Amino acid sequence: MIWRTLRRIMREPLGAIGLTLVTVVVLSAVFASLLTSYAPSKISPAQRFASPSLLHLLGTDHLGRDLLTRVLYGGRVALLIALGATAVSLVVGVVLGLIAGYGPRWLDNVLLLIFDAVKSFPTVMLALTLVTLFGPSLYAVVLVVMLVNVPGYARIIRTQTLVLKSAEHVMAARSMGATAGRILRVHILPNIIGPILILISMDIPVVVAIEAGMSFLGLGVRPPTPSWGAILNDGFANIRDSYWIVIAGGLPIVLTTLGFTFFGETLRDLFDPRLKGRS
Amino acid sequence: MIRYALKRLWLGAIIISVAMMMMFAMVYLIPGDPASVALGPRATPEMMEALRVRMGLDQPVWRQFLHFYGSVLRGDLGTEVLSDRPVLDVVMEQLPFTLALVVGGITWSVALGIPLGCIAAVRRGGFVDQVIGVLSVAMIAVPSFVVAIYSLLVFAVALQWLPAIGAGEPGDLASRLQHLILPSLAVGLGWIGYISRMVRASMLETLEASHIRTARAFGLTEHRIVYTYALRIAVLPTITLLGVGIGHMLSSSVFAEIVFARPGIGKLVYEAISVRNYPIVSGAVLVTTVFFVLVNVAADILVGILDPRVRSSFN
């Protein structure tokens with residue numbers, strides 16, 4: 001099943017590029033420690049601002065740290081945050097969506113209103129306010145991702161639940177006395193997993209961008225944790241003399257967001273063209 | 001039509017007041033007493049008490065909440081503690097710079113997105129269509145701050161074609177526009193992609209319509225049909241899309257303002273956070289949110305006027 005899916009994706013040009021990029025990014029993050037002999041946060045003052053060479057393929061930064069190493073380890077940070085934050089927002093979104101779709105009408109209306117209100121904050125403004133409150137940290141990033149993603153997930157789950165609620169097999173289960181919990185778990189949830197998976201692959205680049213963006217502003221993960229956004233920030237301060245630092249920080253962000261987007265788009269076009277209107 | 005507009009406005013008002021509630025909750029939840037934060041560590045207890053009374057912090061929560069609502073409705077967002085100026089004035093001073101950036105972003109996205117979408121629709125299925133498709137997805141995917149930094153690196157630092165810093169000389173329109181080109185490209189690039197995809201899809205749909213078939217039967221050229229008759233209808237969804245787009249562009253403008261060292265709301269909030277100047281943060285966020293909601297309401301009403309089908313589906 002999985003192999004057949006992958007083969008279908010590889011047959012589309014966009015899907016092939018996407019899947020290749022995603023594979024490269026994931027593998028290089030997983031095997032970061034095998035691909036480089038440097039430590040990500042090792043400071044070597046003698047090697048400050050070294051331009052790219054055989055010794056340091058992407059050069060070094062203002063503290064003499066090897067940039068390729070930081071990019072590889074930064075990939076771990078980016079992907080872990082992307083997966084973790086997406087998973088958390090997915091759980092919350094599914095629960096709220098099921099409640100809105102299956103629960104009483106008034107609760108549905110209240111939840112919809114809250115979703116709309118949360119969405120009416122521009123993302124970066126939301127992030128800036130939250131960081132003012134809680135200070136810059138990993139959790140602030142996760143919280144921003146949640147607030148950005150949950151309303152969208154919940155809305156889709158709600159719509160699907162509303163459709164399924166009046167489907168014949170759910171009616172039958174209800175008339176046989178099944179509880180609401182059982183109906184949601186056994187009859188509704190399995191039917192909405194497909195669109196959810198596609199949404200996740202389309203949202204991972206967004207989360208990667210949020211993490212990198214917040215770290216670029218100094219509001220995300222704390223130094224010396226390697227993060228692509230933080231590398232961009234270091235490089236931005238020295239953009240006139242040491243251009244390779246911003247190139248090293250930006251390139252992985254571009255490749256990752258492109259890869260996951262191409263992959264997600266192909267997945268959606270192949271398996272669920274209905275989601276196309278959502279952009 | 002009036003009923004539809006009123007309904008949409010009412011929804012907008014509710015969203016704004018929920019947003020205000022959240023703003024209030026945030027300011028209330030901030031760790032530490034706003035008065036002690038404002039006065040710094042060397043303040044005497046008497047000074048603290050006086051400021052607390054002046055800020056209304058000695059009142060019960062619900063009184064503070066009502067007071068907050070009341071003053072916001074009167075346009076009073078509080079006073080900035082450091083310079084003793086009204087927050088609204090400070091924010092409004094920066095707003096034009098951010099608006100210029102957003103308008104610049106819209107200009108980029110409309111000027112390039114609509115033609116690209118039309119070309120793709122006319123050449124549907126062909127090589128050109130596929131290239132435009134991939135380009136559009138790519139423009140959507142790449143985060144705006146990376147676009148900002150890379151365009152700064154290429155066009156301002158390496159090639160030195162365009163200025164890197166600031167918003168240009170006051171009163172000198174040419175210099176202002178020159179300083180706007182790169183930041184607004186960073187803000188608008190993603191929306192070139194969104195708009196070209198949207199125009200392509202709605203153009204393909206429009207080309208199936210019966211009045212277009214009639215135009216074909218009359219022997220009009222394809223060029224004339226697409227750009228004169230179909231485009232007029234195919235462009236409608238772009239208006240709603242831009243309503244959403246303006247919110248995203250407000251977000252991206254924070255990055256553009258920081259990267260290009262431009263004045264604006266984003267830079268204002270960013271700098272206010274680093275010195276923990278909370279009234280400015282909440283005031284600027286509130287103004288931005290209200291602006292965003294109003295733009296969306298206006299876009300929806302405009303589409304309702306232009307396309308009667310939307311009105312009926314809303315009821």
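Here is how names work: the chains are called A, B, and so on, in the same order as the sequence lines, proteins then strands, and each is numbered from 1. Since the structure is predicted, the reported quantities are computational estimates derived from the model, not experimental observations.
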Residue part contacting chain A, namely of B/Val142, when any heavy atom lies under 4.5 Å
both
Name the member of B/Ser252, B/Ser251, B/Ala141 that forms the most heavy-atom pairs with chain A at distances under 4.5 Å.
B/Ser251
Okay, A/Ile239 and chain B: the region with an atom under 4.5 Å from a heavy atom over there is both
Applying side-chain hydrogen bond (donor to acceptor under 3.5 Å, both in side chains), can you list everything that pairs with B/Arg200, at least two apart in sequence or on another chain?
B/Asp129
Residue, of B/Ile140, B/Ile16, B/Val254, that accumulates the most heavy atom pairs under 4.5 Å with chain A
B/Val254
Would you check if the side chain of B/Tyr150 reaches a backbone N or O of A/Ile247 as a donor-acceptor pair within less than 3.5 Å?
yes
Side chain, backbone, both or neither: which part of B/Val259 has a non-hydrogen atom closer than 4.5 Å to chain A?
both
Determine the option with the most heavy-atom pairs under 4.5 angstrom with chain B, choosing from A/Leu14, A/Leu232, A/Ile210, A/Ile114.
A/Leu232
A/Leu251 versus chain B, heavy atoms under 4.5 Å apart: side chain, backbone, both or neither?
both
Less than 4.5 Å to any heavy atom of chain B: does that hold for the side chain of A/Leu217, its backbone, both, or neither?
both
Non-hydrogen atoms of chain A under 4.5 Å away: do they reach the side chain of B/Leu153, the backbone, both or neither?
both
Which atom pair, heavy atoms only, marks the closest approach of B/Pro143 to A/Thr257?
CD-OG1, 3.9 Å
Using side-chain heavy atoms (C-beta onward) and a distance below 4.5 Å, is A/Tyr243 in contact with B/Val157?
no
Given that the side chain runs from C-beta out, which part of B/Val134 has a heavy atom under 4.5 Å from chain A: side chain, backbone, both or neither?
both
Below 4.5 Å, heavy-atom pairs only: which of B/Leu250, B/Val269, B/Ile149 has the largest tally toward chain A?
B/Ile149
